[in-house]
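For ligands, and for the atoms within them, numbers begin at 1 and follow the listed sequence. Computed from a predicted model, the values in this text were never measured in an experiment.
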Amino acid sequence: MALSTERLGLYNPEKPMENRITDLGPRHFWQYFPPIIRNNYGKWTHHEILEPGILVHFSETGDKVFTVRCGGCRFMTVEHVREICDIADKYCEGHMRFTTRNNIEFLVDSSDKLEALKKDLMSRKHVSGSYKFPIGGTGAGLTNIVHTQGYIHCHTPATDASSMVKAVMDDLFDYFQGMTLPAQVRVSMACCLNMCGAVHCSDIALLGYHRKPPIVDAEVLESVCEIPLVIAACPTGAISPAKTESGKKAVKIKEERCMFCGNCYTMCMALPLSDKEGDGVTILAGGKISNRISPPKFSKVVVPFLPNNFPRYPEVCETVKQIIEAYASDAKKYERVGDWAERIGWEKFFEKTNIPFTEHLIDDYRLQYDTYRTSTQFKYTEAAWEVSRAAGGIED
Ligand code: HEM
Ligand code: HEM
Ligand code: HEM
Ligand code: SF4
Ligand code: SF4
């Protein structure tokens, strides 16, 4: 009803509330189900992954539905969406769906249609050579990277989202098209520590990070910001009220207390902090959301800083690969990255991934005590010996 074209052109800026339609909510999903999904809703008995990217679900009615999953770039043009629609029209009676990781799924009801669809999808490329619809993302492999806006649209980022995701996915493309890992690996990305998305709960996470305190634009601050909000925004209490020489209300920031979170800038545009050399990427590992075997886990910081080396981020790609390769060769079947790291001990994680441990990784925020080792259980590693030597401990 609401989306009917009959209503187009009725908007009158003189009377904005006239003909206004509101609070309709989303369309009901039932409208968009392929008939085979509608007929077998709630009746599925089991499923199989036929090959990377291809699933088949069986119903108690005897029906079968094949799903082809392909990578999507998430940030896409209407032209690209129209191409998705053309494919859906050609093979799937106009139906398709997007997944929670922004992959694209096409559903068909016979293996003949499946083969034709697969061939068509893999033949479509951008003029520059990239696959438009690479098939994969199922099972114990690597699927799409959940990511954010970056320099394309947000004003608080410390790095870019789309370009980093493209660089990392290019590097790990074989894992997207394969199912050769001990368990599925979720990589996610956020361009500042607002962490829009899933970085705090992913196997591997890429996070935009600042290293310099905000600049206080005291001339305009009082006219554009609610000062109490600014003060309350700071997690470390680094901000206090101040006055300029000319008597304007402003704030001052105790720089040694600031950890560059950028929260005060979110509240107050007179406190910008992005910086070409300062900003970069932090890498976290070991998070998960599912309750399978072990409970959900937060990801932990394992690399404090890598440079924003646009446009291909070689250091970030290299580190992600180091983690995935060490995990792939060492973890047991069904173990997620976090399960593996906890079983072998984080000191061994650093040794096996060849990532240096630095003081930045030691928690110093409020509940930090629980993250220290209150035990004599640990394994000797070269890195541990180095810390011991640096602290004047025993010689090996
Ligand atoms: C009555 C007005 C609006 C309603 C009810 C509405 C509702 C929503 C909802 C429910 C979501 C999904 C949130 C989620 O994923 O959890 C969303 C996402 C979003 N909205 Fe709105 N919105 C409105 C207006 C706007 C306006 C005016 C803008 C931009 C100027 C906007 C930009 C966005 C963007 C960029 C997203 C994120 C899409 C994504 O990446 O998933 N929205 N909105
Ligand atoms: C009713 C008004 C609007 C709605 C509901 C709306 C909603 C959205 C949504 C949902 C997206 C996709 C975001 C994503 O998937 O990542 C988007 C993208 C975008 N919108 Fe709007 N928008 C509105 C008005 C505007 C206005 C007024 C501007 C600029 C002044 C704008 C600028 C953009 C830009 C640049 C993008 C692409 C960048 C990106 O995806 O991050 N939009 N919008
Ligand atoms: C696609 C549309 C847009 C997206 C996805 C988007 C995204 C965001 C995000 C993520 C924030 C931070 C919110 C928070 O941390 O609480 C924000 C805040 C803000 N955005 Fe946008 N934005 C969109 C459109 C616009 C447009 C069109 C304008 C102005 C023309 C605008 C002006 C602002 C301002 C002034 C704030 C700060 C408000 C505050 O004090 O929290 N945004 N936006
Ligand atoms: S993570 Fe931060 S910078 Fe990125 S889109 Fe979200 S708020 Fe913006
Ligand atoms: S950037 Fe974060 S820590 Fe620094 S002053 Fe602003 S709110 Fe406080």
Problem set entry | Atoms of ligand 4 close to Q149 [distance to a heavy atom under 4.0 angstrom, numbered from 1] | 5 (S)
Exercise. If you count the atoms of ligand 4 from 1 in the order shown, which ones are under 4.0 Å from a heavy atom of T148?
Worked result: 1 (S), 4 (Fe), 5 (S)
Problem set entry | For T156, the ligand 4 atoms whose distance to one of its heavy atoms is below 4.0 Å | 2 (Fe), 3 (S), 7 (S), 8 (Fe)
Exercise. Any chance the side chains of S59 and T61 put a donor and an acceptor closer than 3.5 Å?
Worked result: yes
For this session: Kindly indicate, with the supporting measurements, whether the criterion side chain to side chain donor-acceptor pair (under 3.5 Å) is fulfilled by T371 and K300.
Result: CA-CA 11 Å; T371 67; K300 321 271 187 296; over 6 Å; no
Exercise. Taking ILVMFWY side chains as joined if any heavy atoms are under 4.5 angstrom apart, and letting links pass through other members, which residues group with I239?
Worked result: V216, L221, I227, V230, I231, V251, I253, L271
Exercise. Are R211 and F305 in a cation-pi setup, meaning NZ or CZ lies under 6.0 angstrom from the ring centre and within 45 degrees of the ring axis?
Worked result: yes
Problem set entry | R389 bridged to E386 by N-O distance under 4.0 Å | no
Problem set entry | Polar protein atoms near atom 4 (Fe) of ligand 5 [N, O or S; cut-off under 2.8 Å] | C258 SG
Problem set entry | Subset of ligand 4 atoms that lie under 4.0 Å from at least one heavy atom of P157 | 3 (S)
Exercise. Which one holds for C192 and ligand 4: side chain close, backbone close, both close, or neither close, with close meaning a heavy atom under 4.0 Å?
Worked result: both
Problem set entry | Polar contact flag, side-chain donor to acceptor under 3.5 angstrom, Y313-S163 | yes
Problem set entry | C191 near atom 8 (Fe) of ligand 4: N/O/S under 2.8 Å | no
Exercise. Thinking salt bridges, do E318 and R312 make one under a 4.0 Å N-O criterion?
Worked result: no
Exercise. Which atoms of ligand 4 have any heavy atom of C154 under 4.0 Å away?
Worked result: 3 (S), 5 (S), 7 (S), 8 (Fe)
Problem set entry | Carboxylate-amine/guanidinium proximity below 4.0 Å for R124 and D120 | yes
For this session: State whether the SG distance for the cysteine pair C268/C225 is less than 2.5 Å.
Result: yes
